[in-house]
Amino acid sequence: MKKYLGVDLGTSSVKLLVISENGIEATVSEDYPVSYPEAGYSEQNPADWYNKTLLCLEKLSKDINLSEIVSISFSGQMHGLVMLDENDEVIRPAILWNDGRSTKEVKYLNEEIGISKLLSETGNIAFAGFTAPKLMWVKNNEPKNFAKAKKIMLPKDYLAYMLSGVFATDTSDAAGTLYFDTKNRCWSDYMLKLIGISESQLPAVYESYEAIGNIKPELAERFNISKDCKIVIGAGDNAASAVGTGTVNDGDCNISLGTSGTIFVNSSKFACYEKGSIHSFCSATGEYHYLACILSAASAQKWWIEDILKADYSTDGIEKYIGKNSVYFLPYLTGERSPVNDAEAKAVMYGMSPATTREEMTLSILEGVAFALRQNLEIIRDLGVNITTSKICGGGARNKLWLKIIASVCNVELLIPEKEQGGALGAALLAARGAMNINDYTAFASQFYTVKETVKPDKALVSAYEKSYEKYIKLYPALKNI
């Protein structure tokens, strides 16, 4: 039986997932460390990614006949900087997506080069997480390492290179570098010259579902994998997760309610937000997507319950306040990314009186996150996408009351997937897509997209929350200068 392998390269672990026409066959994972050499720095050794992936293959071989694997693909942590020298040796530890050392370079790009120029060249503005500011930091602070770089790549592409020997990337991951012309799906000549690199140092660009080559013969022999096993380039983690949840058609939306909250909306057309704090990237389907991120979602609830109340979570007594709450919460516990793009923004609880109850304050946390999600959805809607339904996943999605609130605040029907394997499943499906014709793949993938539950907006609450939302969005502008 034909099997397809997805490799999900995360920040803390690598996960391998195997699928077939029978569904999910097996999963294995291995952890690796993150190093923090200075405050705000975040690095990893790329060799750890590769060695742990091989260890996972060994573990899989005990339960799965690896000779039946037809293709392998990837989901990867985005934006990380991996640099190889002329001998293909790693020059320095990879600088990760959550590394904040490049604030000076980000300020230069956004203020000196300018937001309008960045948007016209790449579709996005500069964030410290993106790859271009990292490269500029290396150039400014480690010029010898910058001069040694013969290959510049992203984390998952390092794995693909080690498994296939082919220097490649995909459009979805490349779009997060800030030196990729997202609209035209190619490297930006202007940005390359600005940084001081050439296209010869960068990988060839493929669509996420395209095969770039076959597994190396020595690895095929070592793990009893067919030498004809295809290596499909895969996608950045959010784009791969969208494939894993079935967020693949024009206007499809997925909300992830994890530590942070993300909104992923697939679009057949390219557009970008004039302020740039909502990302415009290529999707893994050959189209485009919008990505918005609020930095505190389930983490805000965790902070309130565990750190402030120091109590077990309970929704008892909360529901009677829904739609009537006069307490508002700005969930900016660690600043905010989308759409206000303000690292200095602070969390605020507003509207208390002597009559305010703990239940109202607890409810304000859930509602504040929902309002923050809606603020991003409204911008994406203004870009021309009609969003009436959304998949929802992540740990926060287990809170049914929260789902009712989000559905009513955003006026969307929330679909809870039967299978929630995120990027690993998306990578495995991209592996299948790279080995099948589109009709066979569509039929094959449909088995993974079943919905176990639907949460509909409450019409009365939609009206009540409309008024509350109008008050909510006035809070941040009123407080910004304090």
| said: Under a 3.5 Å cutoff, is there a donor and acceptor pairing between the side chains of Ser172 and Asp170? | reply: yes

| task | Using only heavy-atom distances, determine whether the side chains of Tyr290 and Asn376 contain a donor-acceptor pair under 3.5 Å. | result | no

| Pairing of Glu43 and Arg101 as salt bridge, 4.0 angstrom limit | yes

| query | Taking NZ, NE, NH1 and NH2 as the nitrogens, is one of them in Glu466 or Arg374 under 4.0 Å from a carboxylate oxygen of the other? | reply | yes

| Between Tyr273 and Asp382, do the side chains contain an N or O donor and an N or O acceptor separated by less than 3.5 Å? | no

| Glu367 versus Tyr465, side-chain donor and acceptor atoms under 3.5 Å | yes

| query | Would you call Glu378 and Arg381 a salt bridge, using N to O less than 4.0 angstrom? | reply | yes

| query | Is any NZ, NE, NH1 or NH2 atom of the basic residue among Asp173 and Lys156 found under 4.0 Å from an Asp or Glu carboxylate oxygen of the other? | reply | yes

| request: Compute whether any side-chain donor of one residue and acceptor of the other, for Thr169 and Asp157, lie under 3.5 angstrom apart. | output: yes

| Distance-only side-chain donor-acceptor flag, Ser268 / Glu287, under 3.5 Å | no

| task | Please determine if Lys151 and Asp85 form a salt bridge, counting it only when a charged side-chain N lies under 4.0 Å from a carboxylate O. | result | no

| task | Give a yes or no on this: more than 12 heavy atoms of other residues, nucleotides or ligands lie within 6.0 Å of atom NZ of Lys302. | result | no

| Check: Asn140/Glu105 side-chain N/O donor and acceptor closer than 3.5 Å | yes

| request: Measure from the side-chain N and O atoms of Ser241 to the backbone N and O of Gly423, and report whether any donor-acceptor pair falls under 3.5 Å. | output: yes

| said: Tell me whether the NZ or CZ atom of Arg185 lies within the 45° cone about the ring axis of Tyr288 and under 6.0 Å from its centre. | reply: yes

| cation_pi(Lys117, Tyr190) dist<6.0 Å, angle<=45 | yes

| query | Do Tyr161 and Tyr158 have their ring centres less than 6.0 Å from each other? | reply | no

| message | Which residue in the set Thr285, Asn249, Val385 passes side chain to side chain contact (heavy atoms under 4.5 Å, CB included) when paired with Asn266? | response | Thr285

| said: Could you check whether Ser42 and Asn98, counting side-chain N and O atoms only, form a donor-acceptor pair closer than 3.5 Å? | reply: yes

| request: Decide if atom OH of Tyr350 counts as having more than 12 heavy atoms of other residues, nucleotides or ligands within a radius under 6.0 Å. | output: no

| Ring centres of Tyr332 and Tyr476 under 6.0 Å apart? | yes

| request: For Gln44 and Ser35, run side chain to side chain donor-acceptor pair (under 3.5 Å): C-alpha distance rounded to whole Å, both residues' side-chain angles, the deciding distance at 0.1 Å, then the answer. | output: CA-CA 6 Å; Gln44 275 177 334; Ser35 64; over 6 Å; no

| query | Which distance, rounded to the nearest 0.5 Å, do you find between the CG of Asp181 and the CE of Met191? | reply | 11.0 Å

| query | For atom NZ of Lys419, is the number of surrounding heavy atoms from other residues, nucleotides or ligands below 6.0 Å larger than 12? | reply | yes

| query | Is the shortest distance from a Lys or Arg side-chain nitrogen in Lys480 or Asp342 to a carboxylate oxygen in the other one below 4.0 Å? | reply | no

| Polar side chain donor-acceptor pair, Gln421 to Lys15, under 3.5 angstrom | yes

